[in-house]
Asks: 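Have a look at the structure that comes next, please.
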Amino acid sequence: MYDPTVARLTYRALLGRRRALILGALPLLLLVIAVAVRVLAGADDQTTADVLGGFALATMVPIIGVIAGTGAIGPEIDDGSVVYLLSKPIKRPTIIFTKLIVAIAVTMVFSAVPTLLAGLILNGNGQQVAVAYTIAALVASIAYAALFLLLGTVSRHAVVFGLVYALVWEALFGSLVPGARTLSVQQWSLAVAEKVADGNLVTSDVGLPTATVLLVAVTVLATWYAGQKLRSLTLAGEE
């Protein structure tokens, strides 16, 4: 289910000079904010939770997920180079699964690692806040990568749709409409983090059992459907 050649090509596409600069911009900004807050306000657990929850998990992780998930396959479909990949004797689910693994790895590195470093800078992992939000970023990276990889497979405007979901649905409606939070990857990942953090600094509107089921279901279904769409794309090209 994993092809090293496809993985190498995908890593090369995602970590090209321009895209790597874009991927690194938000993590760098998070670290700058963390240093500034620590210098100006000192170590404070609530402030740490606010920064990691409000910027790292709510903004940085989904945007990086959009870049990595859609970038893993979208550009190849747009410029037609995917035809060469599909002409190789590689199963279509293997292509999708390999690209998903790469997208997850890139999202985790550029989101979870900076989240942990920022948390350590802000309060030294007091009340396990840094570790909790790092775990949330890791969990969210998997679901985001699968969702946005699917978008990259089915739409030429995947980046736009991904940003609308991440910034409008999750950040805007998720904060204003209680019912929308149930359909939020951010809230699902917070449910996992809530069990790690001490006290009530990390909370979620979704219970852990429900969040776990939804995270697994979304990841599996998105990956499966992306494989089906890629299979259909092959048949269309052959016709």
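Computed from a prediction, not measured in an experiment: that's the story for all the values here.
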Asks: For Ala13, does its backbone N or O pair with a side-chain atom of Arg19 as donor and acceptor, under 3.5 Å?
Replies: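 Yes, Arg19 side chain to Ala13 backbone: donor-acceptor pair under 3.5 Å.
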Asks: Heavy atoms only: give me the nearest Met108-Leu138 pair and the separation to one decimal.
Replies: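 Nearest pair, atom of Met108 first, then Leu138: CE-O, 3.4 Å.
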Asks: Look only at the side chain of Thr210 and the backbone of Val206, and say whether a donor-acceptor pair between them is shorter than 3.5 Å.
Replies: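 No.
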Asks: With heavy-atom distances below 4.5 Å as the criterion, would you say the side chains of Val202 and Tyr133 are in contact?
Replies: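 Yes, their side chains come closer than 4.5 Å.
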Asks: I'd like to know whether Gln128 forms a side chain to side chain donor-acceptor pair (under 3.5 Å) with Asp198, so could you lay out the CA-CA distance, the side-chain angles of the two residues, the decisive distance to 0.1 Å, and finally the verdict.
Replies: CA-CA 6 Å; Gln128 296 293 312; Asp198 298 330; 5.1 Å; no
Asks: Side chains of residues 52-67: which donor-acceptor pairs under 3.5 Å do they make with residues two or more places apart or in other chains?
Replies:
none

Asks: For a quick check under 3.5 Å, do Lys229 and Thr153 share a side-chain donor-acceptor pair by atom type?
Replies: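 No pair is found: no donor N or O on one side chain lies under 3.5 Å from an acceptor on the other.
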Asks: Below 30° counts as parallel, above 60° as perpendicular, anything between as tilted: where do the rings of Phe148 and Tyr144 land?
Replies: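 The arrangement is parallel - the two ring planes meet at less than 30°.
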Asks: Do the side chain of Arg92 and the main chain of Ile90 share a donor and acceptor less than 3.5 angstrom apart?
Replies: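 Side chain of Arg92 to backbone of Ile90, a donor-acceptor pair under 3.5 Å: yes, one is there.
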Asks: Donor-acceptor pair, Trp169 side chain versus Leu183 backbone, under 3.5 Å?
Replies: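 Yes, because the side chain of Trp169 sits within donor-acceptor range (under 3.5 Å) of the backbone of Leu183.
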Asks: Under 3.5 Å, is there a donor on one side chain and an acceptor on the other for Ser141 and Ser111?
Replies: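 The criterion, which ignores hydrogens and geometry beyond distance, is satisfied for Ser111 and Ser141.
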Asks: Using a 3.5 Å distance criterion without hydrogens, assess whether the side chain of Arg8 forms a donor-acceptor pair with backbone atoms of Asp3.
Replies: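 Between the backbone of Asp3 and the side chain of Arg8 there is no qualifying donor-acceptor contact (under 3.5 Å).
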Asks: Got a donor-acceptor contact below 3.5 angstrom from the Trp188 side chain to the Ser204 backbone?
Replies: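 It does not hold such a pair.
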